[in-house]
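Just so you know, residue 1 is the first one in the sequence shown, and it goes up from there.
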Amino acid sequence: MPSTPTFQRLLSLIDPPAQHHFITANGIRTSYLEAGDGPVLVLLHGAGGGATSWYKVIGPLSRHFRVIAFDKPGYGESDKPWADYSKSFYIDWLKAALDILSVSRCYLAGSSQGGSVSIAFALRFPDYISKMILVDTAGMSDEWDRRIIPRMILYRLFPTPFWGRMLGSNVMKDPLVADPAWHQYSMEVIRKPGGRYPFFLGRGKAVQTYSDEELKAVPVPTLIIWGEDEAFFPIAHGERAAALIPDSQLVVLPGAGHLPWMEKPSEFVEAVKLFLD
């Protein structure tokens with residue numbers, strides 16, 4: 001299926017440009033964006049949209065790294081199979097994808113659900129990861145405002161601008177900082193065949209809370225980035241992770257919510273570069 005004008009619009013916002021490719025990993029046709037040269041930095045988006053969610057930072061990061069931003073299965077331009085969308089499902093897919101791309105060692109950065117998957121991957125396949133970046137990551141605590149869930153359900157059932165705005169107030173401090181194409185594309189992805197599977201079949205399995213023992217076992221240096229105005233997962237979640245993950249540090253970005261690279265891209269890129277240098 002050819003990509004939509006909305007997807008192409010988001011690609012056009014990436015500067016320097018990124019290339020769009022496909023591979024088949026674990027039987028799943030997988031879409032990804034690639035830009036730059038140097039050490040490999042893999043980006044895993046959260047439970048919405050796809051790789052183009054990183055459109056503001058792929059270009060700046062590609063000046064220092066070979067950036068590979070995947071559309072996780074169930075999202076973006078990737079296949080949306082009938083599956084359980086659990087941590088195991090995602091890390092088996094990710095290992096297969098990295099092997100196909102001959103990436104045996106990389107930096108791994110994940111946002112929200114993507115951060116939860118990153119932790120699971122690092123615990124199971126530590127030799128692949130040299131450093132990890134967790135961004136407003138899910139699964140850090142059971143203590144979060146579950147009143148958001150009905151909005152998430154309604155947005156998946158009815159991906160319209162109205163419900164997008166209702167949920168968006170929990171995603172960013174200022175949703176208007178995102179290009180309108182990003183909001184549109186997020187709705188288009190849900191409307192695709194299988195676009196609702198990750199939410200309704202996954203049932204939160206990819207973001208189940210990590211135990212103290214699991215976080216203490218994270219074997220790689222870890223940067224934890226949190227938006228100060230995060231509405232989904234309070235800063236206390238990031239503080240818990242920083243207290244338990246052995247070699248970790250927490251950076252809080254003021255004036256940002258659940259997607260800090262969207263609202264504070266320069267500060268985000270600088271924090272990442274400082275950590276990975």
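The closest side-chain heavy-atom distance from K131 to L276 is below 4.5 Å. Between I225 and L253, some side-chain heavy-atom pair lies under the 4.5 Å cut-off. Looking at V135 and L223, their side chains never come closer than 4.5 Å, going by heavy atoms from C-beta outward. Using a 4.5 Å heavy-atom threshold, the side chains of P81 and F89 count as touching. The side-chain heavy atoms of L259 and S111, taken from C-beta on, include a pair separated by under 4.5 Å. Between I68 and L43, every side-chain heavy-atom pair lies at or beyond the 4.5 Å cut-off. Within the 4.5 Å cutoff, no side-chain heavy atoms of D79 are placed close to those of T24. Side-chain contact between V269 and K264: absent, with no pair of heavy atoms (C-beta onward) separated by less than 4.5 Å.
At least one donor-acceptor pair under 3.5 Å links the side chain of E214 to the backbone N or O of S211. At least one donor-acceptor pair closer than 3.5 Å links the side chain of R105 to the backbone N or O of I129. Proximity of a side-chain donor or acceptor of S88 to a complementary backbone N or O of S86 within less than 3.5 Å is not detected. A donor-acceptor contact shorter than 3.5 Å is absent between the side chain of S78 and the backbone of G74. Side chain of K95 to main chain of Y90: no donor-acceptor pair is present (N/O by atom type, distance under 3.5 Å, no hydrogens or angles). Of the possible polar contacts, none joining the R66 side chain to the G38 backbone as a donor-acceptor pair under 3.5 Å is found. Side-chain atoms of S112 do not come within 3.5 Å of backbone N or O of G114 as any donor-acceptor pair. Listed for the S53 side chain is no donor-acceptor partner under 3.5 Å among the backbone atoms of G49. Under the 3.5 Å distance criterion, the side-chain polar atoms of K56 are matched with a main-chain donor or acceptor of M262.
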Determine, step by step, whether K273 and E270 satisfy the salt bridge (Lys or Arg N to Asp or Glu O under 4.0 Å) criterion, reporting the C-alpha distance in whole Å, the side-chain angles of both residues, the deciding distance to 0.1 Å, and the verdict. CA-CA 5 Å; K273 284 171 47 188; E270 190 58 36; 3.8 Å; yes
Apply side-chain contact (heavy atoms from CB on, under 4.5 Å) to the pair L134 and S118, showing each step before the final yes or no. CA-CA 8 Å; L134 304 176; S118 297; 4.2 Å; yes
Could you please spell out the steps behind the salt bridge (Lys or Arg N to Asp or Glu O under 4.0 Å) verdict for K192 and E77? CA-CA 9 Å; K192 290 184 177 187; E77 305 300 294; 2.8 Å; yes
Working for side-chain contact (heavy atoms from CB on, under 4.5 Å), residues T222 and I133: CA-CA 6 Å; T222 302; I133 301 166; over 6 Å; no
F199/I153 under side-chain contact (heavy atoms from CB on, under 4.5 Å): CA gap, chis, key distance, verdict: CA-CA 8 Å; F199 187 81; I153 293 173; 3.7 Å; yes
Passes salt bridge (Lys or Arg N to Asp or Glu O under 4.0 Å), R63 versus D37? Steps please. CA-CA 8 Å; R63 295 184 174 95; D37 296 299; over 6 Å; no
Carefully, step by step, assess T52 and F7 under the rule side-chain contact (heavy atoms from CB on, under 4.5 Å). CA-CA 8 Å; T52 51; F7 177 79; 3.6 Å; yes
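Distance CD/Q19 to CD/E34: 8.5 Å, rounded to 0.5 Å. For the atom pair CG (D92) and CG (N26), the distance works out to 6.0 Å, reported to the nearest 0.5 Å. Between R124 atom CZ and I91 atom CD1 the span is 4.5 Å, to the nearest 0.5 Å. Atom SG of C106 is separated from atom CG of L41 by 8.0 Å, given to the nearest 0.5 angstrom. To the nearest 0.5 angstrom, L244 atom CG is 9.0 Å from E213 atom CD.
In plain terms, the two heavy atoms of S130 and V220 that are nearest each other are O-CB, 4.1 Å. H45 and G48 get closest at one heavy-atom pair: ND1-O, 3.7 Å. Taking all atoms of both residues into account, the shortest heavy-atom contact from A47 to R156 is O-NH2, 2.6 Å. Of all heavy-atom pairs between F70 and W93, the closest is CB-CH2, 3.7 Å. Taking each heavy atom of V189 and G76 in turn, the nearest pair found is CG1-N, 3.6 Å. Taking each heavy atom of G257 and P260 in turn, the nearest pair found is O-CD, 3.6 Å.
Between Y197 and Y85, the gap from one ring centroid to the other reaches at least 6.0 Å. Between F233 and W226, the gap from one ring centroid to the other reaches at least 6.0 Å.
In this structure, H21 and Y32 have tilted ring planes: the angle between them lies in the 30° to 60° band.
Both tests pass for K72 against the ring of Y75: distance under 6.0 Å to the centre and angle within 45° of the axis.
The side-chain hydrogen bond (donor to acceptor under 3.5 Å, both in side chains) pairs that include a residue from residues 237-253 are D212-R240, where partners are two or more places apart or lie in different chains. Within the structure, the ring-ring contact (aromatic ring centres under 6.0 Å, His included) test picks out the following pairs touching residues 109-138 (sequence neighbours left out): F121-F125, F121-Y128.
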If you look only at distance, which donor and acceptor atoms sit under 3.5 Å apart when one is on a side chain in residues 201-210 and the other is two or more places apart or in another chain?
unit_1 : atom_1 : unit_2 : atom_2 : d
R203   : NE     : F200   : O      : 3.3
K205   : NZ     : D84    : O      : 3.3
K205   : NZ     : L201   : O      : 2.8
K205   : NZ     : G202   : O      : 3.0
T209   : OG1    : D142   : OD1    : 2.6
Y210   : OH     : S116   : O      : 2.5
Y210   : OH     : A120   : N      : 3.2

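With sequence neighbours excluded, no residue forms a side-chain hydrogen bond (donor to acceptor under 3.5 Å, both in side chains) with D127. Evaluation of the side-chain hydrogen bond (donor to acceptor under 3.5 Å, both in side chains) rule for S31 yields H20, D71 as partners, not counting sequence neighbours. Judged as a side chain to side chain contact (heavy atoms under 4.5 Å, CB included), and not counting sequence neighbours, the contacts of L13 are R9, L10, Y55, D179.
Side chains of T6 and E188: a donor on one and an acceptor on the other come within 3.5 Å.
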